[in-house]
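So the structure is just underneath, and the comments pick up after that.
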Amino acid sequence: MKTDLNRCKRCGQCMSVCPVYQTTFREADVARGKLALLESIEAGTIRWSGRLEEIVSRCLLCGACAQICASRVETTLMIQSGRQRLFEVKKGGKSRNALLRSMREGHLTAKVLLKGGALLQALVCKKIPETSGLHLRFPLSFFTERSTVPPIAWTPFLDAFRPRAVVNGEGPRIGFFVGCGANYLFPDMAWALVHILGYVGASLIVPEDQVCCGLPAYVSGDTKTARELAQKNIEVFESLELDAILTVCASCGSHLKALASLFADHPSSRDAAASIAQKHMDAMTFLVDHLGFDVHLKAVEPAGSPEGTSPLRVAYHDPCHLRIGQGITRAPRRLLEAVPGVQLVEAPHPGQCCGHGGDFNLSHFPLSMKILDRRMEDFEKVKPDTIVTGCTGCLLQFAEGISRRGLSGKIEVCHPLVLVEKAIAPCPIPTQRRKDLPVFQALHTDAGQ
Ligand code: SF4
Ligand code: SF4
C-alpha cells in the first residue's frame with residue numbers, strides 16, 4: 001500500500017472526475033487529498049480520528065479517479081484499504097447487526113416502522129438473512145431520511161424460482177448469480193433474465209444456496225466477512241461446471257469480476273476466485289455479444305403497443321460498477337435500441353455518477369442527494385418516460401430522485417432487461433432451443449463492450 005500511495009504525483013487530474021469533489025470542492029474529498037492523509041497515517045505522523053473516518057467514508061468508490069489517473073494509482077483500492085484498516089482499528093466498526101442493535105437501544109419509532117414498511121419488517125424478522133448485504137445497506141437512517149423505500153418481495157426470487165435448473169443439451173450452461181437487490185427488492189429483473197433465457201432455450205442453473213456477493217461488507221471495510229461470503233459462493237458455483245455466470249446487478253458483477261483480488265494473500269482460494277471471475281459476465285453483454293439477441297429483438301413485433309402509439313422514451317444511466325467496474329457501455333444501449341417500441345434518448349453527461357455508492361448513500365445522504373440532483377437535471381432535459389439502469393443501487397437512487405422531484409407516475413425506472421422481457425412473449429421455461437436465433441457465440445472472447 002505504501003508504494004502505491006507514494007505513486008500519487010498530486011497532479012490533481014482526479015479532481016476533474018470526482019463526483020464528490022465536484023459537489024463540495026473540498027481537497028479532502030478528492031482522491032489526492034485522501035491519499036495524502038492515508039500516507040500520513042502509514043508514516044505514523046497522524047492517527048486515526050473521527051475526522052479521518054469521516055473523510056475516508058466520503059467516497060463513492062466509483063473508480064473514476066483510478067480510471068483517469070495517469071500514474072495508475074489504484075485509488076479505490078487505497079481508499080478501501082484505509083477503510084479496512086479503520087475497521088480493524090475500531091475492532092469491527094459498524095456491525096452487521098446495526099439495525100438490531102439500534103432497536104435494542106430504543107431508536108426504533110412507530111414512524112420508522114411505518115415508513116420502512118415491508119423491507120424493515122423483513123430485515124427485523126430475519127426474513128432477509130444477516131449475511132445479506134441489505135442489512136448493511138439499509139440501517140435505520142435509510143428509512144428516516146428517504147422519501148421512498150423499496151418494497152420487499154415477500155417471496156424472494158430465490159424462493160420463488162423453481163425448478164432451480166433448466167438444462168438443455170445445446171448451448172452453454174449458464175449459472176445465475178442473483179444478488180440481494182434482485183432477490184429481495186427488484187425480483188422483476190431476475191425474472192426478466194429467466195424469461196429471456198427461457199425464450200432462447202439456454203440451460204440455466206440457479207443454485208439456491210448462493211449468498212450475498214459481499215460487496216456491502218467489503219466497502220464498509222469488513223474484508224473478513226466479504227471473504228467468508230465469497231468462499232461460500234465459490235463453493236456453490238465451482239462444482240457446477242458452468243460456461244458462464246451471469247449477473248443482472250452491476251454492483252454484484254463488478255465485485256465478482258474482481259473476486260481474485262480479495263484473496264491476493266490466500267493462494268489456495270485465489271485460483272478458484274479467479275475462475276469464478278473469469279466466467280462472470282453481465283447478462284446484457286451475454287445477450288448482445290455472445291447471442292446477438294439485439295439483432296433478433298429488432299425483428300420482434302412489439303408486445304402490447306398498438307400501431308400508432310408513440311415510442312417509449314427511454315434514457316439509459318451507466319452504473320459506475322458497469323461502466324468503470326466492468327468496462328460496459330455499449331451492450332445495454334444496443335439492447336435498448338433494439339427493443340421494439342422504444343426510443344433510446346441520451347441524457348447529457350453520460351457516465352456521471354448517480355451518487356448512490358453503496359453505504360455512501362446512507363452515511364452521507366444529503367451529499368448523495370446533491371449528486372443525484374445533478375444527474376436528475378440531466379435526465380429531465382431529455383424528458384424520458386423511463387430511466388433504465390443495470391444496478392440495484394442506481395435503481396434505488398433514481399426512484400428517490402423521481403419521488404423528490406414530484407415525478408412519480410410521470411417517469412418510471414427499471415432495469416433494461418425488464419423492457420426486453422416485455423417486448424418478447426413471456427415464455428416461462430421452454431425446453432427447446434429456438435431455431436430462429438443465432439447460435440451461441442464462443443464465451444470469454446474479448447468482444448467489445
Ligand atoms: S491520484 Fe492520480 S490523478 Fe489524482 S492527484 Fe494522484 S496522481 Fe494525480
Ligand atoms: S472513487 Fe469516485 S468518489 Fe471516490 S475519490 Fe475517486 S472519483 Fe471521488
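We count ligands from 1, going down the list as the structure has it; atoms in each ligand are counted the same way.
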Original post:
Which heavy atom of the protein is the closest neighbour of atom 6 (Fe) of ligand 2, given with residue, atom name and distance?
Top reply: Cys65 SG, 2.2 Å

Subject >> Atom indices of ligand 2 within 4.0 angstrom of Val20 heavy atoms, with elements >> reply: 3 (S)

**OP:** Do me a favour and list the nearest non-hydrogen protein atom to atom 2 (Fe) of ligand 2 with residue, atom name and distance?
**Re:** Cys62 SG, 2.3 Å

Original post:
What atoms of ligand 1 come closer than 4.0 angstrom to any heavy atom of Lys9?
Top reply: 6 (Fe), 7 (S)

**OP:** Kindly determine whether Lys232 and Glu228 satisfy salt bridge (charged side-chain N to carboxylate O under 4.0 Å, His left out), including the steps that lead there.
**Re:** CA-CA 6 Å; Lys232 173 71 181 163; Glu228 285 167 6; over 6 Å; no

Original post:
What protein heavy atom sits nearest atom 5 (S) of ligand 2, and how far away is it?
Top reply: Ala31 N, 3.7 Å

**OP:** Please write down residue, atom name and distance for the protein heavy atom closest to atom 4 (Fe) of ligand 2.
**Re:** Cys59 SG, 2.3 Å

**OP:** Report yes if the distance between the aromatic ring centroids of Phe186 and His415 is under 6.0 Å, otherwise no.
**Re:** no

Original post:
Quick one: do Glu39 and Arg10 make a salt bridge, cutoff under 4.0 Å?
Top reply: yes

Original post:
Distance from Ile371 atom CD1 to Thr23 atom OG1, nearest 0.5 Å?
Top reply: 4.0 Å

Original post:
For atom 3 (S) of ligand 2, what's the nearest protein heavy atom and its distance?
Top reply: Leu60 N, 3.3 Å

Original post:
Looking at Arg32, which atoms of ligand 1 are within less than 4.0 Å of one of its heavy atoms?
Top reply: 5 (S)

Original post:
Got the closest protein heavy atom to atom 8 (Fe) of ligand 2, with its distance?
Top reply: Cys18 SG, 2.3 Å

Original post:
Hey, which atoms in ligand 2 end up nearer than 4.0 Å to a heavy atom of Leu61?
Top reply: 1 (S), 4 (Fe)

Original post:
Charged N to carboxylate O under 4.0 angstrom, Asp373 versus Lys370?
Top reply: no

Original post:
What atoms of ligand 1 come within less than 4.0 Å of a heavy atom belonging to Cys11?
Top reply: 3 (S), 5 (S), 7 (S), 8 (Fe)

**OP:** Decide whether Glu235 and Gln231 meet the rule of one side-chain donor and one side-chain acceptor closer than 3.5 Å.
**Re:** no

Subject >> Under 4.0 Å to a heavy atom of Thr76 - the qualifying atoms of ligand 2, by number >> reply: 1 (S)

Original post:
Which atoms of ligand 1 have any heavy atom of Arg10 under 4.0 Å away?
Top reply: 5 (S), 6 (Fe)

**OP:** Using 2.8 Å as a strict upper limit, say whether an N, O or S atom of Cys14 approaches atom 2 (Fe) of ligand 1 that closely.
**Re:** no

Original post:
Is it true that the side chains of Asn361 and Ser368 contain a donor and an acceptor less than 3.5 Å apart?
Top reply: yes

Subject >> For Gly12, the ligand 1 atoms whose distance to one of its heavy atoms is below 4.0 Å >> reply: 5 (S), 8 (Fe)

Original post:
For the ring pair Phe177 and His280, is the centre-to-centre distance below 6.0 Å?
Top reply: no

**OP:** Step through it carefully: locate the ring centre of Phe379, locate the ring centre of Phe398, and say whether they are under 6.0 Å apart.
**Re:** yes

Original post:
Salt bridge between Lys257 and Asp282, side-chain N to carboxylate O under 4.0 Å?
Top reply: no

**OP:** Would you mind running through ligand 1 and noting each atom that sits below 4.0 Å from a heavy atom of Thr75?
**Re:** 1 (S)

